[in-house]
Visitor: 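To start, I am sharing the structure in question, which I have written as structure tokens.
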Amino acid sequence: ATAVAVTDKTAVGIGTKEIVASKPLMIRLQTPSYLVVQDEQRISAIVQNDTGQPAEVKVRLQIKGLKLDGDTTQSVRVEPGKPETVEWRATAEVTGTAEVIATAEIANGATDGVKHSFEVKPHGREFQEVQAGIIKGQASFDVTVREGADANTGRLVINLSPSIATTLVQSLDGLVQFPYGCVEQTM
């Protein structure tokens, strides 16, 4: 941290000091940024013991949106100043948001916890169906949901415009976000 001070008589001073904030027991999670349904991933928790004495640490994992292989609780002996890693294997079975909460506890002593959330994406590729036309009076159309479509991630968007000019304005956002740096983006 750096501190700067100025007195009423315009004397100026500056000082820098390194500050380390820590707890006697800390846990960190290593999770993916996202998973795809059917992915199998290793979830790691790193436990750091700064109590000054060796400790038997109980590490628990609570998960939502994933299937965990094995017991949710593991015990590990952690020497002071030496991190230990605890691992679990998890499988993504449904789309949505996965939540992982890890806690570490020394019996009658220090505790810590951390929570990570990440997206579970569908296995497959996105399909889009677009229909356009002119409606005079009443109109109807059928929407077919593909076999095997993921009910958690599907959506239906209907845009009705009184003129073609309205649809042109709506499509500008898509052009601006187009990923290839086309000339159209320089508008």
Side-chain angles (χ1 to χ4, degrees), residues 1-5 13-128 144-157 173 177-180:
T2 301
V4 178
I14 187 169
T16 302
K17 183 70 178 169
E18 185 175 316
I19 299 172
V20 177
S22 67
K23 296 174 68 175
L25 180 66
M26 292 186 294
I27 187 167
R28 296 186 319 259
L29 262 177
Q30 292 185 325
T31 59
S33 54
Y34 72 91
L35 287 176
V36 174
V37 171
Q38 300 176 5
D39 279 355
E40 187 176 298
Q41 178 70 39
R42 187 175 309 158
I43 308 270
S44 300
I46 301 163
V47 182
Q48 178 78 30
N49 174 12
D50 289 329
T51 63
Q53 297 184 13
E56 195 67 29
V57 180
K58 189 177 286 186
V59 183
R60 288 188 181 95
L61 205 64
Q62 298 174 0
I63 59 169
K64 293 180 185 171
L66 300 173
K67 178 186 170 200
L68 192 66
D69 294 341
D71 194 4
T72 58
T73 303
Q74 296 185 34
S75 290
V76 62
R77 183 168 179 80
V78 184
E79 297 295 325
K82 295 183 180 177
E84 288 291 334
T85 302
V86 182
E87 295 181 340
W88 293 266
R89 296 212 53 87
T91 305
E93 293 186 328
V94 295
T95 57
T97 301
E99 183 179 281
V100 181
I101 301 172
T103 57
E105 177 183 2
I106 298 173
N108 301 318
T111 63
D112 193 24
V114 64
K115 173 180 159 182
H116 284 194
S117 297
F118 54 90
E119 183 181 4
V120 177
K121 299 179 180 185
H123 184 262
R125 66 181 182 94
E126 183 177 320
F127 287 94
Q128 292 185 9
T144 303
V145 177
R146 293 178 178 266
E147 186 178 327
D150 185 352
N152 294 332
T153 57
R155 63 187 175 137
L156 174 65
V157 178
D173 287 336
Q177 295 174 3
F178 200 68
Y180 302 112

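Heavy atoms only: backbone and side chains are in, while hydrogens, waters and symmetry mates are out.
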Visitor: What verdict does the salt bridge (Lys or Arg N to Asp or Glu O under 4.0 Å) test give for E79 and R77, after you've listed the backbone C-alpha separation in whole Å, the side-chain angles of each residue and the deciding distance to 0.1 Å?
Guide: CA-CA 7 Å; E79 297 295 325; R77 183 168 179 80; 3.5 Å; yes
Visitor: Identify the heavy atoms of A110 and P24 that sit nearest to each other, and give their distance.
Guide: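 Closest pair (atom of A110, atom of P24, distance): CB-CB, 4.2 Å.
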Visitor: Look up atom CD in Q53 and atom CD1 in I106, then write down how far apart they are to the nearest 0.5 Å.
Guide: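 The CD atom of Q53 sits 9.5 Å away from the CD1 atom of I106.
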Visitor: Between atom NE2 of H116 and atom CD1 of I63, what is the distance when rounded to the nearest 0.5 Å?
Guide: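 Going from NE2 on H116 over to CD1 on I63, the span is 15.0 Å.
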Visitor: Pairing donors with acceptors under 3.5 angstrom, does anything connect the side chains of D150 and T95?
Guide: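 Per modelled atom types, D150 and T95 side chains form a pair under 3.5 Å.
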Visitor: Walk me through it: do T2 and I14 pass the test side chain to side chain contact (heavy atoms under 4.5 Å, CB included)?
Guide: CA-CA 7 Å; T2 301; I14 187 169; 3.9 Å; yes
Visitor: To the nearest 0.5 Å, how far apart are NZ in K67 and OG1 in T91?
Guide: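 Going from NZ on K67 over to OG1 on T91, the span is 6.0 Å.
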Visitor: Nearest 0.5 Å, what's the CD-OG1 distance between Q62 and T72?
Guide: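 Q62 CD to T72 OG1: 8.0 Å, rounded to 0.5 Å.
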Visitor: Is R42 atom CZ crowded by more than 12 heavy atoms from other residues, nucleotides or ligands, each under 6.0 Å away?
Guide: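 Open: at most 12 neighbouring heavy atoms sit under 6.0 Å from CZ of R42.
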Visitor: Indicate the atoms forming the closest heavy-atom contact of V37 with P122, along with that distance.
Guide: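 Closest approach of V37 to P122: CG2-CA, 4.2 Å.
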Visitor: Using side-chain heavy atoms (C-beta onward) and a distance below 4.5 Å, is T73 in contact with L61?
Guide: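 A side-chain contact is absent here, since even the closest heavy-atom pair is not under 4.5 Å.
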Visitor: Taking all atoms of both residues into account, what is the closest heavy-atom pair of I43 and P32, and its distance?
Guide: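 In this case the closest contact between I43 and P32 is CD1-CD, 4.3 Å.
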Visitor: Identify the heavy atoms of Q48 and K82 that sit nearest to each other, and give their distance.
Guide: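 For Q48 versus K82, the nearest heavy atoms are NE2-N, 4.0 Å.
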Visitor: Is there a donor-acceptor pair under 3.5 Å between the side chain of W88 and the backbone N or O of A45?
Guide: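 Side chain of W88 to backbone of A45: no pair is present.
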Visitor: Do you know the tightest heavy-atom contact between M26 and D50?
Guide: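 Heavy atoms only, the tightest pair is CE-OD2, 4.0 Å.
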Visitor: Between the side chains of R60 and E105, is the shortest nitrogen-to-carboxylate-oxygen separation below 4.0 Å, so that they form an ion pair?
Guide: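 Yes, this pair counts.
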Visitor: If you measure from CZ on R89 to CD on Q41, what distance do you get to the nearest 0.5 Å?
Guide: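 If I round to the nearest 0.5 Å, the distance is 7.5 Å.
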Visitor: Main chain of V57, side chain of E84: is a donor-acceptor contact present, judged purely on distance under 3.5 Å?
Guide: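 Judged by distance alone, no pair lies under 3.5 Å.
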Visitor: Would you indicate whether the side-chain heavy atoms of T85 and E87 approach each other to under 4.5 Å?
Guide: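 They are in side-chain contact.
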Visitor: Could you go through the side chain to side chain contact (heavy atoms under 4.5 Å, CB included) check for I27 and T103 one step at a time?
Guide: CA-CA 7 Å; I27 187 167; T103 57; over 6 Å; no
Visitor: Please name the pair of heavy atoms, one in A98 and one in V120, separated by the smallest distance, quoted to 0.1 Å.
Guide: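 Looks like CB-CG2, 3.8 Å.
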Visitor: If we only count heavy atoms from C-beta on, is the V76 to V59 side-chain gap below 4.5 Å?
Guide: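 Heavy-atom side-chain distance check passes, below 4.5 Å.
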Visitor: Decide yes or no on side chain to side chain contact (heavy atoms under 4.5 Å, CB included) for D39 and Y34, but give the supporting numbers first.
Guide: CA-CA 10 Å; D39 279 355; Y34 72 91; 5.8 Å; no
Visitor: Does either side chain, that of T51 or that of N49, offer a donor lying less than 3.5 Å from an acceptor on the other one?
Guide: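 There is such a pair between these side chains.
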Visitor: Show, in sequence, the C-alpha distance, side-chain angles and deciding distance for V100 and L29, and conclude whether the side chain to side chain contact (heavy atoms under 4.5 Å, CB included) test is met.
Guide: CA-CA 9 Å; V100 181; L29 262 177; 3.8 Å; yes
Visitor: Could you state the interatomic distance from OG (S75) to NZ (K58), rounded to the nearest 0.5 Å?
Guide: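 Spacing of OG (S75) from NZ (K58) equals 6.0 Å.
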